[in-house]
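Here is the structure we will look at.
Every value quoted in this text rests on a predicted model; they were computed, and no experiment measured them.
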Amino acid sequence: MDSSPAPAAPTEATAPPLEDCLRLLRGERDEQKLAGLLIAANVCRAGDAAAVAQVYRAVGPRFLRRLLNTGLGKVEGGKEEEREAYLRLAVTVLAGLARAPEVAADAGVVSTVPLIAEVVSKSPDLTITEECFELLSLVAIASEDGAYKFCEPGVMDMLFSQISNFPDGSRCLELSTHLLQLLVHKLRADNMSVEKLQGMASMVASLAMLFGVLHTAFKFESLHMLATLLSQKESPLHDALRSMPSAIWKSHIRGGIIDVLQNRVVSSEKLQALLLAECMMSILGENWLSEDHKILDNKNAISVDKFVLLVLQSARVEVAVLLNELAFSKYESSKSSQIDDAIIQKQRNLAILFSLMERIIKMISDASSGEGEPSQTICEKTIMQVITGLNETISLVLDFLQDAKDHGQRKGDDLLAAVRIVGSYLAEAPYACQEKTGHLLEFIFSIEGQDESSPFYSVRFMLPMLSQITTTADGCRTLVSFGGYKAVIDCLIKMTEENGMMIDDGSMFLACDTIINIMSNRKNYPIQMEPCFIHLLQALTTWAGTFCS
């Protein structure tokens with residue numbers, strides 16, 4: 001860019017004829033193009049998409065990029081005040097041009113995304129920053145290529161490292177939040193290159209930092225966006241996060257979760273924080289909850305033991321509330337479509353909480369057996385407190401199942417989820433809640449998921465517990481008393497069927513162990529060789545044959 005006088009700021013005056021603007025933009029000298037851009041700013045404000053497209057074609061992306069580079073000081077020559085004027089003009093014109101979706105989607109405009117991100121990271125002028133975020137949002141909306149351009153190296157870091165400095169309630173914060181929300185909902189990690197996945201991981205790290213350090217309404221916005229990004233199942237993004245060299249993002253998320261759970265916030269926000277905790281355990285392993293990550297400059301930092309108990313207690317409170325509300329909605333209140341929708345949402349929330357508690361059960365089981373990782377620092381007293389809390393919650397879940405039995409309800413995903421969490425806990429403590437479990441076992445075996453035509457998963461979820469209690473005569477007697485062994489046999493047959501349920505070798509072995517235990521103790525109770533045993537032998541023979549063919 002030559003050292004011609006810096007352009008004056010565009011005015012709101014009525015724009016001269018479009019032809020004059022285009023003629024100047026097509027000129028060979030920079031002075032002509034700069035004069036044309038000053039006029040173009042007003043053309044863009046007029047909102048004529050066809051005229052805007054003509055202006056863009058006349059000036060071309062190369063000159064606009066050169067103007068940006070000059071404003072950023074990447075081109076030699078020019079005074080400081082001139083560079084700032086060039087930068088303001090380039091951003092203003094680009095933001096105006098991008099209001100036409102055709103222009104915003106053009107490869108030339110998309111290519112400016114890294115430069116605009118650099119402007120955001122360097123410019124102290126919030127008015128320029130506002131226009132940058134307006135421009136970037138238009139680019140992200142206009143095309144897939146535009147959205148994925150943000151995943152190039154360094155772009156996310158430059159854009160969102162500044163958010164914590166924006167005044168609460170400011171236009172900059174509003175626009176940057178809008179851009180983040182756009183990217184969270186448009187970007188999909190499937191089929192992304194490793195380079196772009198690292199860009200998405202940088203966005204997660206930026207959001208984690210904001211979630212961990214801010215104490216404004218944006219804290220909850222970042223919480224929702226993190227939950228959306230991390231709850232995508234089997235996403236390649238998870239591998240990118242696991243391979244990040246810095247662990248500080250994990251500490252920021254831990255700190256944000258502590259802030260939400262320790263303070264008086266609405267239940268929906270606590271549920272989001274617990275969902276995020278479940279996502280972190282899903283991605284990084286159950287021991288994430290008990291790893292000792294120091295949080296720098298966080299006055300609310302608490303010990304690992306207190307963090308584990310805080311998450312568990314918060315989950316237990318929400319489970320108790322949801323179980324009560326579901327029971328009331330299903331059995332006490334009048335039926336309506338609105339209530340049905342509310343029930344579905346409550347069931348989803350309950351499933352999330354149960355999944356979190358299952359992971360806590362696994363973590364405590366590993367810690368108790370000495371299989372936990374060296375970074376696991378949870379103490380024995382905390383382990384006992386967790387077990388006591390889990391025992392109380394499982395008792396509430398069994399009461400929920402008893403309520404369903406009393407009302408003749410045996411079909412529903414919430415009931416199946418309840419059976420699953422009970423089965424997960426009893427797999428580690430098979431004699432816990434023994435009286436309630438014994439009374440409900442026959443009913444549990446009859447429970448079906450919403451899409452099941454006959455019980456299967458309800459029996460399968462209980463197999464780890466059954467394989468242990470049937471090593472004693474009393475356990476066998478409990479199962480035989482209502483013919484429960486037939487349900488186990490039926491479940492095992494389904495697992496062996498070539499075109500039947502998905503085979504799970506672990507569950508199959510547990511079912512076999514249960515049947516063997518029953519047969520080994522049959523002297524203590526009457527049991528006849530019924531046709532189901534013949535069907536089982538036939539199924540096992542056929543299944544074994546598939547490995548030899």
Side-chain angles (χ1 to χ4, degrees), residues 184-185 211 219-233 253 256-283 286 289 308-333 335-362 389-390 392-401 403-404 409 411-425 447 449-451 457-458 461:
V184 166
H185 289 97
F211 177 51
K219 187 180 200 76
F220 298 106
E221 295 288 352
S222 57
L223 167 60
H224 301 161
M225 288 186 272
L226 283 167
T228 299
L229 283 169
L230 301 188
S231 61
Q232 298 173 15
K233 299 300 182 185
I253 286 182
I257 290 173
I258 290 170
D259 289 340
V260 173
L261 297 183
Q262 279 189 328
N263 288 284
R264 293 184 177 181
V265 299
V266 294
S267 178
S268 59
E269 301 296 1
K270 291 197 173 186
L271 281 169
Q272 285 288 300
L274 292 169
L275 166 60
L276 185 56
E278 195 279 334
C279 291
M280 292 295 287
M281 295 176 80
S282 172
I283 295 169
E286 285 79 10
L289 193 67
V308 170
L309 292 173
L310 174 65
V311 171
L312 175 63
Q313 181 60 21
S314 300
R316 290 183 58 226
V317 168
E318 297 300 328
V319 165
V321 170
L322 283 172
L323 289 175
N324 186 57
E325 290 179 349
L326 273 172
F328 179 80
S329 298
K330 292 171 69 174
Y331 310 132
E332 304 295 335
S333 64
K335 301 288 184 180
S336 74
S337 59
Q338 288 185 338
I339 289 176
D340 288 342
D341 291 341
I343 288 175
I344 291 171
Q345 187 57 55
K346 287 181 172 65
Q347 289 174 336
R348 289 172 180 165
N349 292 337
L350 189 63
I352 292 167
L353 293 169
F354 280 165
S355 180
L356 172 61
M357 295 186 77
E358 276 193 70
R359 296 188 185 282
I360 293 175
I361 291 168
K362 174 69 165 58
L390 287 170
E392 292 173 0
T393 297
I394 295 303
S395 181
L396 284 178
V397 176
L398 289 168
D399 289 341
F400 177 71
L401 291 174
D403 208 11
Q409 295 286 328
K411 193 176 187 70
D413 290 340
D414 56 337
L415 298 180
L416 191 59
V419 172
R420 175 168 174 155
I421 188 66
V422 168
S424 295
Y425 183 65
I447 289 175
Q450 200 62 45
D451 298 326
Y457 285 105
S458 57
F461 291 151

Original post:
To the nearest 0.5 Å, how far apart are CD1 in I253 and CG in L223?
Top reply: 9.5 Å
Original post:
Minimum heavy-atom separation for S424 to I361, with atom names?
Top reply: O-CG2, 3.9 Å
Original post:
If only atom types and distance count, is the side chain of S222 paired as donor or acceptor with the main-chain N or O of K219 below 3.5 Å?
Top reply: yes
Original post:
Is the backbone N or O of H224 less than 3.5 Å from a side-chain atom of T228, with the two atoms forming a donor-acceptor pair by type?
Top reply: yes
Subject >> Spacing of CD belonging to E325 relative to CG belonging to N349, to within rounding of 0.5 Å >> reply: 9.5 Å
Original post:
Is a donor on one side and an acceptor on the other found under 3.5 Å between the side chain of S458 and the backbone of I447?
Top reply: yes
Subject >> Q450 CD to K411 NZ distance, which is reported to the nearest 0.5 Å >> reply: 6.0 Å
**OP:** For the pair E392 and L396, evaluate side-chain contact (heavy atoms from CB on, under 4.5 Å) and give the outcome as yes or no after the intermediate values.
**Re:** CA-CA 7 Å; E392 292 173 0; L396 284 178; over 6 Å; no
Original post:
Do the non-hydrogen side-chain atoms of V311 and L356 ever get within less than 4.5 Å of each other?
Top reply: yes
Subject >> Distance in Å, L322 CG paired with I343 CD1, rounded so as to fall on 0.5 Å steps >> reply: 12.0 Å
Original post:
When rounded to the nearest 0.5 angstrom, what is the spacing between CG in L415 and CZ in R420?
Top reply: 15.5 Å
Original post:
What is the distance from atom CE of M281 to atom CD1 of I360, rounded to the nearest 0.5 Å?
Top reply: 5.5 Å
Subject >> Distance-minimising heavy-atom pair for A418 and L401 >> reply: CB-CD2, 3.9 Å
Original post:
Is there side-chain contact between F461 and I421, with at least one heavy-atom pair below 4.5 Å?
Top reply: no
Original post:
Nearest heavy-atom pair of L261 and A273: which atoms, and what distance?
Top reply: CD2-CB, 4.1 Å
Original post:
What closest approach, in Å, do L275 and A227 show between heavy atoms, and which atom pair accounts for it?
Top reply: CD2-CB, 3.9 Å
**OP:** Enumerate the residue pairs fulfilling salt bridge (Lys or Arg N to Asp or Glu O under 4.0 Å) with a member in residues 269-282, sequence neighbours excluded, ordered by first and then second residue.
**Re:** E278-R359
**OP:** For the pair L274 and S314, evaluate side-chain contact (heavy atoms from CB on, under 4.5 Å) and give the outcome as yes or no after the intermediate values.
**Re:** CA-CA 8 Å; L274 292 169; S314 300; 4.1 Å; yes
**OP:** Report yes or no: does N263 contribute a side-chain atom to a donor-acceptor pair with the main-chain N or O of D259 at less than 3.5 Å?
**Re:** yes
**OP:** Measure the shortest side-chain to side-chain distance between Y457 and V419 over non-hydrogen atoms and say whether it is less than 4.5 angstrom.
**Re:** no
Original post:
So does D414 pair up with K330, basic N to acidic O under 4.0 Å?
Top reply: yes
Original post:
Under the side-chain contact (heavy atoms from CB on, under 4.5 Å) criterion, do V397 and Y425 qualify, and how do the steps go?
Top reply: CA-CA 11 Å; V397 176; Y425 183 65; over 6 Å; no
Original post:
Can you check side-chain contact (heavy atoms from CB on, under 4.5 Å) on L390 and R316, steps first, answer last?
Top reply: CA-CA 8 Å; L390 287 170; R316 290 183 58 226; 5.9 Å; no
Subject >> Shortest non-hydrogen contact from D403 toward A327 >> reply: OD2-CB, 3.6 Å
**OP:** Would you indicate whether the side-chain heavy atoms of F211 and V260 approach each other to under 4.5 Å?
**Re:** yes
